[in-house]
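In what follows, a structure is listed as structure tokens, so that the remarks can point back to it.
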Amino acid sequence: MQKSAYFLALTIALAFPAHAEDIRLTADDKVEWHQNEQKMVAVGNAIATKKDMNIRADQMTAFYESSKKGGEKARTNIRDVHAQGGVVITSPTAKAYGDTMDYNLITDVMVLQGEPVSKILTNDGKTITATDNITYYPSENKAIAFGDVIAKNDDSTIYSNKMVSYFTQNSEGQSELDKVEIYSDNNEVRIVNDQAIVTGEQGVYLPKINKVRLYRNVVINQDGNILKGDFAETDLKTGISRVLSDKKSGKRVSGIFIEKDKAEKEQQLPADNTAAPENKSTDWNLK
């Protein structure tokens with residue numbers, strides 16, 4: 001019974017192709033055609049396909065409009081698609097997950113939302129989650145994550161309020177992540193790894209060289225040792241960060257380094273010795 005319902009859905013979907021790029025809508029359970037409201041509702045593992053993009057959800061609604069020019073036969077064009085429940089968007093570069101998706105084909109803008117987050121999983125294992133939404137612009141090869149945004153790979157985590165991802169085609173004609181611009185409402189982008197915590201006002205992630213660069217009021221904190229400068233670069237593979245000064249600003253890189261005495265290094269004190277080890281701090285200015 002389920003199989004026959006699927007073929008019925010496929011037949012209805014093919015009867016109403018969107019112009020130019022032809023979206024096809026299918027479902028396992030049923031597809032309802034609401035002529036007065038000019039919409040189709042697909043229920044049960046609903047799938048919409050467009051070029052090399054595939055959208056899956058528990059339920060999907062496609063709103064369409066009819067157009068006719070001169071003596072031409074009327075065309076039925078899908079203008080909006082709303083998906084809800086277990087939304088998965090698959091493209092050549094990544095998969096995106098959320099609870100709802102709204103896709104306006106006229107403006108070519110797709111908005112993905114989730115509870116509590118929406119997520120992008122790239123083909124190379126990196127993830128980006130956002131508490132507000134992820135907006136994708138297919139024709140511009142661009143996606144923007146809003147809210148409390150977290151990007152992770154195996155070695156580092158990046159925190160911000162907005163990330164703009166750009167995709168491009170490589171020499172083999174395959175889509176790949178080109179760069180990610182990183183912003184924060186409170187002027188504090190953070191990179192956290194096993195080596196250090198690095199903060200700055202904004203940054204850019206360059207996946208081809210696996211590095212993140214932060215700009216303006218940069219601080220590197222490594223176990224209490226502090227480095228400050230205008231610019232920092234973190235290698236996400238090694239976790240090593242370096243900080244530089246902007247020659248135009250006239251500022252120098254500065255650092256505070258904590259020296260721990262021998263008593264603390266030994267870690268073991270006599271039972272009757274209750275004195276705490278002494279910490280000394282040194283303020284260094286580095287050229």
Side-chain angles (χ1 to χ4, degrees), residues 94 117 119-131 145 147-166 176-249 251-268 276-287:
V117 296
K119 179 174 71 172
I120 293 177
L121 176 61
T122 64
N123 292 341
D124 56 359
K126 299 177 179 66
T127 61
I128 298 175
T129 59
T131 56
D148 294 329
V149 184
I150 301 174
K152 288 185 177 183
N153 68 0
D154 293 336
D155 305 298
S156 301
T157 304
I158 305 171
Y159 299 87
S160 73
N161 296 122
K162 178 181 175 182
M163 291 190 190
V164 185
S165 302
Y166 297 90
E176 62 182 12
L177 185 61
D178 184 42
K179 69 174 180 177
V180 181
E181 295 173 351
I182 310 166
Y183 304 93
S184 179
D185 293 339
N186 58 7
N187 292 328
E188 185 178 281
V189 175
R190 282 187 298 143
I191 304 173
V192 180
N193 57 41
D194 292 338
Q195 302 285 337
I197 298 174
V198 188
T199 60
E201 293 187 10
Q202 67 182 60
V204 60
Y205 165 48
L206 304 171
K208 293 177 183 178
I209 59 175
N210 210 27
K211 292 182 179 180
V212 176
R213 293 170 179 166
L214 296 188
Y215 303 93
R216 291 198 290 274
N217 297 318
V218 172
V219 178
I220 297 179
N221 186 330
Q222 185 176 29
D223 294 329
N225 299 315
I226 306 295
L227 275 175
K228 296 182 180 181
D230 299 309
F231 163 78
E233 183 177 82
T234 297
D235 188 316
L236 297 181
K237 186 175 182 179
T238 64
I240 297 174
S241 300
R242 63 192 184 108
V243 63
L244 303 169
S245 63
D246 184 352
K247 294 181 180 179
K248 295 180 181 179
S249 71
K251 297 179 181 178
R252 305 168 73 189
V253 177
S254 65
I256 299 176
F257 300 89
I258 299 174
E259 298 177 4
K260 299 181 180 180
D261 63 16
K262 295 180 180 180
E264 184 175 1
K265 292 179 181 179
E266 292 172 356
Q267 294 293 319
Q268 298 292 332
E278 180 183 358
N279 284 344
K280 300 177 181 178
S281 65
T282 304
D283 192 346
W284 289 357
N285 287 320
L286 306 178
K287 291 184 179 180

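Here the structure is a predicted model, which is why all the values come from computation and not from measurement.
Proximity of Lys228 to Val218: side-chain heavy atoms (C-beta onward) are nowhere separated by under 4.5 Å. Contact annotation: the side chain of Thr234 approaches that of Asn193 to within less than 4.5 Å [non-hydrogen atoms, C-beta and beyond].
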(request) Kindly indicate, with the supporting measurements, whether the criterion side-chain contact (heavy atoms from CB on, under 4.5 Å) is fulfilled by Arg213 and Leu206. (result) CA-CA 8 Å; Arg213 293 170 179 166; Leu206 304 171; 3.6 Å; yes

(message) Evaluate Ile226 against Ile220 for side-chain contact (heavy atoms from CB on, under 4.5 Å), listing each step before the verdict.
(response) CA-CA 6 Å; Ile226 306 295; Ile220 297 179; over 6 Å; no

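Taking the side-chain contact (heavy atoms from CB on, under 4.5 Å) definition, one finds that Asp235 meets it with Lys211, Lys237, Thr238, sequence neighbours left out. Listed by chain and number, the residues in a side-chain hydrogen bond (donor to acceptor under 3.5 Å, both in side chains) with Asp185 amount to none (sequence neighbours excluded). For Thr131, there are no side-chain hydrogen bond (donor to acceptor under 3.5 Å, both in side chains) partners two or more places apart in sequence or in a different chain. Remark: Lys208 engages Asp178 in a side-chain hydrogen bond (donor to acceptor under 3.5 Å, both in side chains) (not counting sequence neighbours). Every residue meeting the salt bridge (charged side-chain N to carboxylate O under 4.0 Å, His left out) condition with Lys126, not counting sequence neighbours, appears here in chain and number order: Asp124. Residues passing the ring-ring contact (aromatic ring centres under 6.0 Å, His included) test with Tyr215 are Phe231, sequence neighbours excluded. The side-chain hydrogen bond (donor to acceptor under 3.5 Å, both in side chains) search around Ser160 returns none, not counting sequence neighbours. Every side-chain contact (heavy atoms from CB on, under 4.5 Å) that Val180 has, sequence neighbours left out, goes to Met163, Ser165, Leu177, Ile182, Tyr205. Residues passing the side-chain contact (heavy atoms from CB on, under 4.5 Å) test with Ile197, sequence neighbours excluded: Val192, Thr199. For Glu201, the side-chain contact (heavy atoms from CB on, under 4.5 Å) partners are Asn187, Arg216, Asn217, not counting sequence neighbours.
Note: Lys162 NZ to Ser184 OG = 12.0 Å, rounded to the nearest 0.5 Å. We find the CG-CG distance between Asn221 and Leu227 to be 9.5 Å, quoted to the nearest 0.5 Å. Rounding to the nearest 0.5 Å gives a distance of 10.0 Å between CD of Glu188 and CG of Asn161. Here the straight-line distance linking atom CG of Leu236 with atom CG of Asn210 works out to 5.0 Å at 0.5 Å rounding.
Of the possible polar contacts, one joining the Gln222 side chain to the Gln195 backbone as a donor-acceptor pair under 3.5 Å is found.
Enclosure of atom CG in Asn186 by more than 12 non-hydrogen atoms of other residues, nucleotides or ligands within 6.0 angstrom is indicated.
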Which pairs would a plain distance check flag for residues 149-156, meaning a side-chain donor or acceptor within less than 3.5 Å of a matching protein atom at least two apart in sequence or in another chain?
| from | atom 1 | to | atom 2 | distance (Å) |
| --- | --- | --- | --- | --- |
| Asn153 | OD1 | Asp155 | N | 2.9 |
| Asn153 | OD1 | Ser156 | N | 2.7 |

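Between Thr129 and Lys119, the shortest heavy-atom contact is CG2-CG, 3.8 Å. Scanning both residues, Thr122 and Ala94, for their nearest heavy atoms gives CA-CB, 3.8 Å.
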